[in-house]
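Below is one structure; the comments refer to it alone.
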2 protein chains.
Amino acid sequence: MRASVFHVLLIERGEDPQAGMQALPGGFLSNETEGVHDAALRELREESGLDASELHIEQLAAYGEVGRDPRGRVLSVAYMAVAPGLPEPIAGTDASDASWVPVDDVLSGRVSLAFDHWQIVCDGVERARSKLERTSLALAFCDRTFTLTELQQVYEGVWGCQLDPRNFYRKVQSIPRFVELVGTVRRAAAGRPARLFRSGGGKVLYPPLVRPVSSEP
Amino acid sequence: MRASVFHVLLIERGEDPQAGMQALPGGFLSNETEGVHDAALRELREESGLDASELHIEQLAAYGEVGRDPRGRVLSVAYMAVAPGLPEPIAGTDASDASWVPVDDVLSGRVSLAFDHWQIVCDGVERARSKLERTSLALAFCDRTFTLTELQQVYEGVWGCQLDPRNFYRKVQSIPRFVELVGTVRRAAAGRPARLFRSGGGKVLYPPLVRPVSSEP
DNA sequence: TCAATAGTGTCTTTAAGACAATATTTT
DNA sequence: AAAATATTGTCTTAAAGACACTATTGA
């Protein structure tokens, strides 16, 4: 299996301002009885067809400086949802404007985004990188059961570095309540079958899994 | 010198809703030409007399669930400013409704707050505790020059734990670009004068200064 | 010289980093 | 048997934790 790549879901804007640009899915709060969290779920569903109610989702920050949107001082509350590898959005549906883009292409500017969405992606990526160290967030990138190789690929993909599998195995299994062995095994195309793990229930990693220094230049 | 205590600035609300309750300083955005960051500085100045433009200030999060404010779905964008020990707000001024309250009194519920401000304080405290590990945020709690004892008291006060001064001295001075010796010395009432340090310019602590496990039960 | 505070040194334990070898599967 | 992947183990180095002692001041 090749290495996992950390992607972000983008849509192509259909309307001005910035029609045709790539952007994060989003929209405006509806009526007064909708909280910001629900609005985030609704907008994601409307624009990409994804239901994040079963995913890890957390608020990133609010963006409300003047000039970030030509319509005036628009206040955006950004959320980050985390999911394991998902299928491509299906053309011809509600989600046909959506696509998964490697975060590196966004961070580096190879894909440019509308408004200040580049900054929002940066903040989200840094949030994810940081929480991988001290929380079990990495499991949100995995299915309910997973192999340690898959878990390692999450860390490598998000941190953008290579980790030694032997040291990773030892470290991960030494953190109390991080992962827990389930009896079964996953059979791959070739090679020795991998043992399956699930969450050990712990939310805080202690001692933390500290990323190598190279990750932030 | 006795241990430092981590405080939060609260005001007594003068108007309904929740008149008379303790609350975080805040208010509404003014006109369309004011960004959220500037609004935070303005409200802090108006309600407490503090000028945070020279302080460390960062956004915490946005709070916008229904039911958090009786006036409807009010969206609050919370900011956290960090300062070294400050004088008591002076009675008879704009700031006379403001006071410094130990965060423990808020977290424990001994002092109860209006709206969902308890949650906001919790989030801010956790943000500070967490950033002390991997960033030089602790220096924002110190004057421009400081002693290592003072720095240790910041960590102890924010984390709510005791640290061994010998291990702390060694650890702090081993982190590249964290602190830097300045030639001079601070003379206290009694005892050996302490060497003064200043920021070493680094913003990221690597290796991190990990808090002991007891801090989060 | 005593009380108070600052700072250094040493030993032990634990975790991280760098490696090589063995195990279990499919083809 | 060969290729592919998973897993375990060892040695070295670095960091954390637990200690006791020395240094420099004011009273």
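Residue numbers begin at 1 in each chain, while the letters A, B, ... track the order of the sequences. In this text, all values refer to a predicted model and were calculated from it rather than measured experimentally.
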- [ ] Return the set of residues passing ring pair (Phe, Tyr, Trp, His ring centres under 6.0 Å) with A:Phe168 (not counting sequence neighbours), or none when no residue passes.
- [x] A:Tyr155
Open item on the list: Once ring pair (Phe, Tyr, Trp, His ring centres under 6.0 Å) is applied, do any residues pair with B:Phe115, and if so which ones, sequence neighbours excluded?
Closed with: B:His117
Task: Residue pairs fulfilling side-chain hydrogen bond (donor to acceptor under 3.5 Å, both in side chains) with at least one residue in residues 191-208 of chain B, sequence neighbours excluded - done: B:Glu180-B:Arg198
Task: Within residues 53-63 of chain B or reaching into it, pairs that qualify as salt bridge (Lys or Arg N to Asp or Glu O under 4.0 Å) - sequence neighbours excluded - done: B:Glu58-B:Arg127, B:Glu58-B:Lys131
- [ ] Describe, as an angle rounded to 10 degrees, how the axis at the first end of the helix from C:dT1-D:dA27 to C:dT27-D:dA1 is tilted relative to the axis at the last end, five pairs per end.
- [x] 10°
Task: Where protein sits on nucleotides 6-16 of chain C, one letter per nucleotide: B base, S sugar-phosphate only, - none, heavy atoms under 4.0 Å - done: BSBB------B
Task: For atom CG of B:Leu163 and atom P of D:dC19, their distance in whole Å - done: 15 Å
Open item on the list: Enumerate the side-chain hydrogen bond (donor to acceptor under 3.5 Å, both in side chains) contacts for residues 139-148 of chain A, please, sequence neighbours excluded, ordered by first and then second residue.
Closed with: none
TODO: Let me know the distance between CG of B:Leu205 and C1' of D:dA15, rounded to the nearest Å.
DONE: 15 Å
Task: A:Asp116 bridged to A:Arg68 by N-O distance under 4.0 Å - done: yes
- [ ] Kindly write out the residues that satisfy ring pair (Phe, Tyr, Trp, His ring centres under 6.0 Å) with B:Phe141, not counting sequence neighbours, or none if the list is empty.
- [x] B:Phe6
- [ ] Would you mind listing every ring pair (Phe, Tyr, Trp, His ring centres under 6.0 Å) that reaches into residues 169-195 of chain B, with sequence neighbours excluded?
- [x] none
